Amino acid sequence: SQQGEEDPQALSIQEGENATMNCSYKTSINNLQWYRQNSGRGLVHLILIRSNEREKHSGRLRVTLDTSKKSSSLLITASRAADTASYFCATDAGSNYQLIWGAGTKLIIKP
Amino acid sequence: EADIYQTPRYLVIGTGKKITLECSQTMGHDKMYWYQQDPGMELHLIHYSYGVNSTEKGDLSSESTVSRIRTEHFPLTLESARPSHTSQYLCASSGDSETQYFGPGTRLLVL
């Protein structure tokens, strides 16, 4: 069952601009993670935010979590061509480490 | 780079053939997962394992089977491939944390 829904489905911006992606989910969660997938490859973990956290930073990434709205956002600042990829949110709602995935946002950075 | 490997990377096979997709990890992770992902879509969990001799079916109904005889090895087998099995198959593992580490994936085309 799909828990997360990313918005927008696709985003195209100029290099150097900031990119913001959103994720909404349906049930209470323990944590929410963001992953990146380059075309045709496996996923790479970017950042994890726990349900008791509101904001987290990692390099050019900033993640926010609003549990009252059941939503999260991923901000990539000063985008680079190498940031071109699909970005997925995944939620962990139980104690068995299974993740439930959204459909992803496809990000294209134009040089 | 995560130490998780999948072979083959690409496979084109005829209907009715038996195939095994290999997945190995050298991180000593107890938990391993198989996902099916169609292009541009979300990941669907088809099998998972919490350790040796432990396997469970995921949310997506699948005609495949898995085994976990060794901690590092989690192969997926399709007894009789069909065109509807055409997809990308991603293997992942996780240890004590909630983060999952992914292999590069196997792209399967069944003719």
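Chain A is the first sequence line, chain B the second, and so forth, proteins listed ahead of strands; every chain is numbered from 1. These numbers come from a predicted model, not from an experiment.
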Enquirer: Pull out the residues in residues 67-88 of chain B that come under 4.5 Å of chain A, heavy atom to heavy atom, sorted by number.
Expert: B:Q88
Enquirer: For A:Q37, give me all partners under side-chain hydrogen bond (donor to acceptor under 3.5 Å, both in side chains), at least two apart in sequence or on another chain.
Expert: B:Q37
Enquirer: With chain A, which of B:P104, B:G40, B:G105 has the greatest number of heavy-atom pairs at distances under 4.5 Å?
Expert: B:P104
Enquirer: Flag yes if B:I46 and B:L11 sit in one hydrophobic cluster, no otherwise; membership is Ile, Leu, Val, Met, Phe, Trp, Tyr, and two members link when side-chain heavy atoms are under 4.5 Å apart.
Expert: yes
Enquirer: Is any residue of residues 45-78 of chain A within less than 4.5 Å of chain B by heavy atoms, and which ones?
Expert: A:H45, A:L48, A:R50
Enquirer: Are B:L90 and B:M41 joined in one hydrophobic group, where the rule is that I, L, V, M, F, W and Y side chains link up if heavy atoms are under 4.5 Å apart?
Expert: no
Enquirer: Name all residues meeting the side-chain hydrogen bond (donor to acceptor under 3.5 Å, both in side chains) criterion together with A:Y87; count only those two or more places apart in sequence or in a different chain, and write none if there are none.
Expert: none
Enquirer: Atom CG of A:L99 and atom OG of B:S94: how far apart are they, to the nearest 0.5 Å?
Expert: 7.5 Å
Enquirer: Give a yes or no on whether B:Y5 and A:V44 share a hydrophobic cluster (residues Ile, Leu, Val, Met, Phe, Trp, Tyr; joining criterion: side-chain heavy atoms under 4.5 Å apart).
Expert: no
Enquirer: Given a strict heavy-atom distance threshold of 4.5 Å, which part of B:L45 is in contact with chain A: side chain, backbone, both, or neither?
Expert: side chain
Enquirer: If every non-hydrogen atom of A:L43 is compared with every non-hydrogen atom of B:F102, which pair is closest and at what distance?
Expert: O-CB, 3.3 Å
Enquirer: Is the B:Y33 to A:W101 ring centre distance short of 6.0 Å?
Expert: no
Enquirer: Would you name the heavy atoms of B:Y50 and A:Q98 that are closest together and state the gap between them?
Expert: OH-NE2, 3.7 Å
